[in-house]
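Only one structure is covered here, and it is reproduced in the block below.
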Protein chains: 2
Amino acid sequence: MADRAAVPEVIWARPERAGRGPKPAFRRADIAAAAVRIADGGGLDAVSMRHVAAELGCGTMSLYNYVPRKEDLYELMVDAVSGEHEEWAPSGDWRADMIRVAHQARTLMHRHPWLPRLMSPVYGFSPNALRYLEHCLACLDPVEATYGMKMQLVGLLNGVVTMYVTNELATAERSRSLPWSEDQENAVRIAYLGSQIAGGAYPRMAAAFMEDPGPIDLDAVFDMALAKVLDAFDPERG
Amino acid sequence: MADRAAVPEVIWARPERAGRGPKPAFRRADIAAAAVRIADGGGLDAVSMRHVAAELGCGTMSLYNYVPRKEDLYELMVDAVSGEHEEWAPSGDWRADMIRVAHQARTLMHRHPWLPRLMSPVYGFSPNALRYLEHCLACLDPVEATYGMKMQLVGLLNGVVTMYVTNELATAERSRSLPWSEDQENAVRIAYLGSQIAGGAYPRMAAAFMEDPGPIDLDAVFDMALAKVLDAFDPERG
DNA sequence: TCGTAGTTACGTACACCGTACGTAGTGCGC
DNA sequence: GCGCACTACGTACGGTGTACGTAACTACGA
């Protein structure tokens with residue numbers, strides 16, 4: 001029987017093919033792809049071991065030959081979509097390169113709306129995560145700073161992107177598990193907010209909603225925040 | 001029988017005490033406190049309807065008289081701990097005030113490590129969230145900017161705090177659901193990282209880990225990121 | 001070459017989850 | 001004081017992750 005002891009391991013250190021026994025029916029990439037397909041279509045909550053196994057056409061428990069815990073399935077998923085990051089030869093303009101990186105990350109998260117929820121530094125060791133990080137560092141070669149500082153910049157940038165997309169998707173993803181529509185929910189919340197503001201207890205919020213800047217351009221908001229963060233790290237500024 | 005139809009509603013708009021019938025055994029605050037107690041002690045995954053009901057000493061299904069869905073229980077929890085935010089008269093130095101706000105938020109999230117996972121703009125309508133936001137805006141009164149811009153600053157700041165604490169807590173919270181210790185897991189991951197770096201495929205990451213800046217001071221890292229974000233929004237800079 | 005150990009495959013079973021629904025009892029509004 | 005909205009809560013259903021046992025299969029050591 002296989003060793004089922006609770007021994008710490010990273011899934012990437014485990015060989016895809018063991019020496020003995022019949023040859024595995026799937027590769028890790030197949031499993032990750034199936035899980036990603038399900039998550040893209042039905043949301044992260046639709047990703048269950050039974051569901052993924054069914055998508056692959058095998059028994060539920062067979063999955064556990066490839067993935068010791070469901071957590072590891074998540075790790076496979078994050079790595080799989082991290083592989084969609086396009087890389088390029090650094091242009092020499094680190095600011096432009098970082099903006100491109102950030103835009104790409106945002107696009108990726110919009111394509112896979114479950115990604116922000118799974119973003120975690122503990123997944124930063126996967127093969128594609130390492131490639132991505134190395135690429136970011138390469139883009140930052142022109143910057144005069146320690147690698148520690150560069151890592152912080154990359155981390156902060158990724159975090160800001162994750163956060164913005166999380167907020168952009170919040171109501172949409174929430175409505176997936178709700179028995180009524182996103183618009184209905186929003187209307188009710190706005191109505192409640194209005195009633196609270198009308199009480200006069202929140203004068204500045206009232207003023208804020210009086211401003212009425214028209215429809216919000218999420219792309220512009222994102223670009224502005226991005227620019228500000230890059231400004232803050234620009235060594236050529238005060 | 002009560003109306004069980006799937007009608008959109010905000011829990012805050014529902015009156016605590018209905019006109020008819022026996023008087024409720026609990027207040028919303030009791031329920032929120034019980035859930036927070038459980039989450040603080042056993043992690044967010046320990047918060048189940050059965051568990052919370054047991055903590056309160058009532059039947060599981062009785063909870064649904066107060067909280068239509070589990071999601072709403074989460075909303076109660078976030079509001080409850082948001083009430084722990086201390087408020088003060090703005091000092092006139094908006095930068096100092098925002099730093100204090102950020103530090104307080106970080107402390108709060110360390111006290112309730114499940115908070116970052118529940119942070120969502122859709123919970124921004126709760127009573128205590130509104131009070132918090134109004135207080136932030138009050139601290140920003142000295143700043144010459146539109147309320148829209150101020151809201152963005154507050155949002156970005158909260159997001160950055162959330163993100164940093166999420167990362168700070170990531171391995172600790174993860175180890176809660178793992179059958180081995182955090183240190184063991186870290187050791188295995190670092191070992192794997194070392195083996196990958198030794199391959200020579202990631203020269204910059206190798207260099208980064210050669211730098212060896214000694215033990216990382218998380219507080220200092222946080223403060224630096226915070227300062228940079230505030231710099232980015234400072235109208236007195238370039 | 002052959003036995004055997006290690007592997008794959010997977011059905012069954014268990015504990016737990018959110019919650020739909022039915023029923024009984026309570027007390028306010030008419 | 002009647003009726004009804006509300007509280008309370010037991011039961012039950014369909015889902016979850018996964019421990020464990022068993023059967024089939026293959027590469028290696030003898």
Side-chain angles (χ1 to χ4, degrees), chain A residues 1-7 9 14-28 30-31 35 38-39 42-77 174 176-180, chain B residues 1-7 9 14-28 30-31 35 38-39 42-77 174 176-180:
Chain A
M1 199 208 303
D3 182 10
R4 297 181 197 268
V7 99
E9 63 170 342
R14 161 199 283 222
E16 281 241 34
R17 172 87 162 94
R20 303 286 183 82
K23 101 164 171 240
F26 311 105
R27 285 163 303 133
R28 268 203 275 268
D30 300 329
I31 295 170
I38 291 172
L44 189 57
D45 293 338
V47 177
S48 71
M49 298 301 274
R50 291 181 224 282
H51 205 147
V52 172
E55 174 87 12
L56 287 167
C58 70
T60 303
M61 295 314 289
S62 307
L63 259 192
Y64 283 90
N65 288 320
Y66 303 88
V67 174
R69 253 164 294 96
K70 200 196 174 187
E71 270 277 309
D72 297 286
L73 181 58
Y74 287 152
E75 191 155 353
L76 289 189
M77 291 171 69
R174 178 184 161 86
R176 208 190 273 274
S177 65
L178 249 39
W180 52 77
Chain B
M1 198 209 308
D3 181 11
R4 298 184 196 269
V7 98
E9 65 172 339
R14 162 199 282 222
E16 281 240 34
R17 173 85 164 95
R20 304 286 183 82
K23 103 165 170 246
F26 311 105
R27 285 163 302 132
R28 267 204 277 268
D30 300 328
I31 296 170
I38 292 172
L44 189 57
D45 293 337
V47 176
S48 71
M49 298 302 275
R50 285 165 169 81
H51 205 146
V52 173
E55 174 86 12
L56 287 166
C58 70
T60 304
M61 294 315 289
S62 307
L63 260 190
Y64 284 91
N65 287 320
Y66 303 88
V67 174
R69 317 158 57 39
K70 198 194 175 188
E71 271 277 310
D72 297 287
L73 181 58
Y74 287 152
E75 192 155 354
L76 288 190
M77 292 171 68
R174 177 183 162 87
R176 208 191 274 274
S177 66
L178 249 40
W180 51 77

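By convention in this document, chain letters (A, B, ...) are assigned in the order of the sequence lines, proteins followed by strands, and residues within each chain are numbered from 1.
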Taking every non-hydrogen atom, the tightest pair across A:Pro24 and A:Glu16
CG-O, 4.2 Å
Taken to the nearest whole Å, CG/A:Asp30 to C1'/C:dT8 is 16 Å
Applying side-chain hydrogen bond (donor to acceptor under 3.5 Å, both in side chains) to A:Asn65 and not counting sequence neighbours gives none
Quick check on DNA chain C: between B:Tyr74 and B:Lys23, whose nearest nucleotide comes earlier from the 5' end?
B:Tyr74
Taking atom CD1 of A:Ile31 and atom CE of A:Met77, what is their separation to the nearest 0.5 Å?
12.5 Å
What is the minimum heavy-atom distance between A:Arg28 and A:Pro15, and which atoms define it?
NH2-C, 4.4 Å
Would you check if A:Phe26 and A:Ser62 make a side-chain contact, meaning some heavy-atom pair closer than 4.5 Å?
no
Close residues, residues 58-71 of chain A, relative to DNA chain C [heavy-atom separation under 4.0 Å]
A:Cys58, A:Gly59, A:Met61, A:Ser62, A:Asn65, A:Tyr66
Which residues, if any, of residues 42-57 of chain A bring a heavy atom under 4.0 Å of DNA chain D?
A:Val47, A:Ser48, A:Met49, A:Arg50
Partner set under side-chain hydrogen bond (donor to acceptor under 3.5 Å, both in side chains) for B:Arg69, not counting sequence neighbours
none
Please name all residues satisfying side-chain hydrogen bond (donor to acceptor under 3.5 Å, both in side chains) with A:Arg14, sequence neighbours left out, ordered by chain then number.
A:Glu9
Per-pair distances, 0.1 Å, donor-acceptor, side chain in residues 42-56 of chain B, under 3.5 Å, sequence neighbours excluded:
unit_1	atom_1	unit_2	atom_2	d
B:Asp45	OD1	B:Arg117	NH2	3.3
B:Ser48	OG	B:His51	N	3.1
B:His51	ND1	B:Ala46	O	3.2
B:Glu55	OE2	B:Arg37	NH1	2.4

Whole angstrom value for the distance that separates C1' of C:dT26 from CZ of B:Arg17
11 Å
